[in-house]
There are 2 protein chains.
Amino acid sequence: MTERSPNPSTSDPGLLAAELRVAVMRTSRRLRAEAATGELSPGRYSVLAGLLASPQTVGQLAAREQIQAPSMTRIVNDLAAVGFISRGENPQDKRQVLVSITDQGSAALMRARSMRTAWLAQRVAALTPQDRATLHQAALILQEMSA
Amino acid sequence: MTERSPNPSTSDPGLLAAELRVAVMRTSRRLRAEAATGELSPGRYSVLAGLLASPQTVGQLAAREQIQAPSMTRIVNDLAAVGFISRGENPQDKRQVLVSITDQGSAALMRARSMRTAWLAQRVAALTPQDRATLHQAALILQEMSA
DNA sequence: TCTAGATCGTTAGCATTGCTAAGTAAATGT
DNA sequence: ACATTTACTTAGCAATGCTAACGATCTAGA
């Protein structure tokens with residue numbers, strides 16, 4: 001690897017967008033399929049991981065995950081039902097629900113992390129350092145673009 | 001952009017994998033939401049585009065899209081129902097179904113292309129040439145990794 | 001040859017995960 | 001104080017993936 005096509009699509013945003021879209025969609029399907037074994041689905045995992053740093057409101061979580069509030073409510077319900085998160089109040093604004101990760105949730109997150117990234121980590125490990133650097137940069141760019 | 005963090009995760013495959021997974025999943029959700037307006041869903045679009053070059057069997061299409069055969073059967077059914085593809089036989093192996101794109105399908109594909117990539121192309125166009133080059137490389141790497 | 005097993009596609013049914021519409025409770029502004 | 005806005009929830013729906021089980025066809029071995 002590392003040696004790839006020179007520059008066919010870099011100049012045409014439309015062409016690059018098409019190429020990127022296909023790559024992202026196919027990879028996401030693969031990731032979803034590969035992760036189906038664990039106790040935490042990709043979405044749940046991502047939400048839980050987002051709570052490690054600090055508690056968040058349902059709205060904040062929804063915005064971060066690029067989904068609508070009702071979808072996040074369901075995820076929060078499910079995670080609460082198995083004891084991985086807890087709901088708290090914000091005294092300043094009682095409409096809000098402050099979602100926090102529980103110890104049980106942290107444990108599940110750690111347990112899931114190795115399994116969840118196993119497939120991808122394996123592939124990533126097989127790449128050249130240059131390709132890894134490229135993917136790292138790409139991940140940052142994608143995050144910024146979809147934010 | 002272009003100036004980003006030096007090298008935190010490039011050395012640790014697990015860290016990079018985690019970062020990449022989140023970026024890919026979030027972007028795919030955004031893409032799906034953004035594309036929901038068109039007449040062709042992301043999956044249908046991708047399948048149709050794959051038939052431009054040459055007819056393919058259901059199995060080949062499923063493998064390429066990283067889904068199981070029954071899922072592809074449904075997509076093929078739907079696309080055939082609206083006249084975008086046609087089924088043909090392989091005389092050498094009558095178990096197989098050779099799927100071809102129709103003129104109507106090509107037209108729909110072209111029509112959808114601009115709409116479908118509009119959001120992403122806009123973001124891509126706003127990037128620096130370096131960032132575009134990075135994404136192009138990343139797309140190729142991702143394709144290889146999930147193949 | 002002819003029979004056993006593998007392969008390709010389909011059908012049927014289900015789970016996950018996203019959405020919109022509509023409702024309740026709390027905050028805000030006139 | 002009343003109307004509007006905001007945050008979350010509830011209810012129900014649509015899209016899209018899956019596995020299990022089946023028919024048809026091909027392939028290989030006794």
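Just so we're on the same page: letters track the sequence lines, and every chain starts at 1. For the numbers below, each heavy atom of this structure counts, side chains included, while hydrogens, waters and symmetry mates do not. These numbers come from a predicted model, not from an experiment.
- Straight-line distance from the CD atom of A:E89 to the P atom of D:dC8: 12 Å, rounded to whole Å.
- Side-chain contact check for B:V99 versus B:Q56: every heavy-atom pair is 4.5 Å or farther apart.
- Taking atom CD on B:E65 and atom C1' on D:dG17, their separation rounds to 13 Å, with Å as the unit.
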Does the protein touch nucleotides 18-30 of chain C at the base, only the backbone, or not at all? Give it as B, S and - per nucleotide, heavy atoms under 4.0 Å. BBBB----BS---
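- If you measure from atom CD of A:Q56 to atom C1' of D:dC8, you get 16 Å, rounded to the nearest angstrom.
- To the nearest 0.5 Å, the span separating CD on B:Q60 from CG on B:L98 amounts to 7.5 Å.
- Between B:Q143 and A:T27, the closest side-chain pair of non-hydrogen atoms is not below 4.5 Å.
- A:S41 has a side-chain polar atom (N or O) that falls below the 4.0 Å cut-off from OP1 or OP2 of C:dT17.
- The OH-P distance, from B:Y45 to D:dT16, rounds to 16 Å in whole Å.
- Remark: C1' of D:dC8 and CG of A:L61 are 12 Å apart, rounded to the nearest angstrom.
- Rounded to an integer number of Å, the gap from CZ of B:R30 to C1' of C:dT17 is 18 Å.
- A:R30 and B:Q66 share a donor-acceptor pair across their side chains, judged by distance under 3.5 Å alone.
- Residue pairs satisfying the salt bridge (Lys or Arg N to Asp or Glu O under 4.0 Å) criterion with at least one member in residues 66-90 of chain A, sequence neighbours excluded, are listed as follows: A:R44-A:D78.
- Here D:dT16 presents its C1' atom at 14 Å from CG of B:N77, a figure rounded to the nearest Å.
- Side-chain contact between B:T73 and B:V58 is present, with at least one heavy-atom pair separated by less than 4.5 Å.
- Atoms CZ (B:R87) and P (C:dC8) sit 16 Å apart, rounded to a whole Å.
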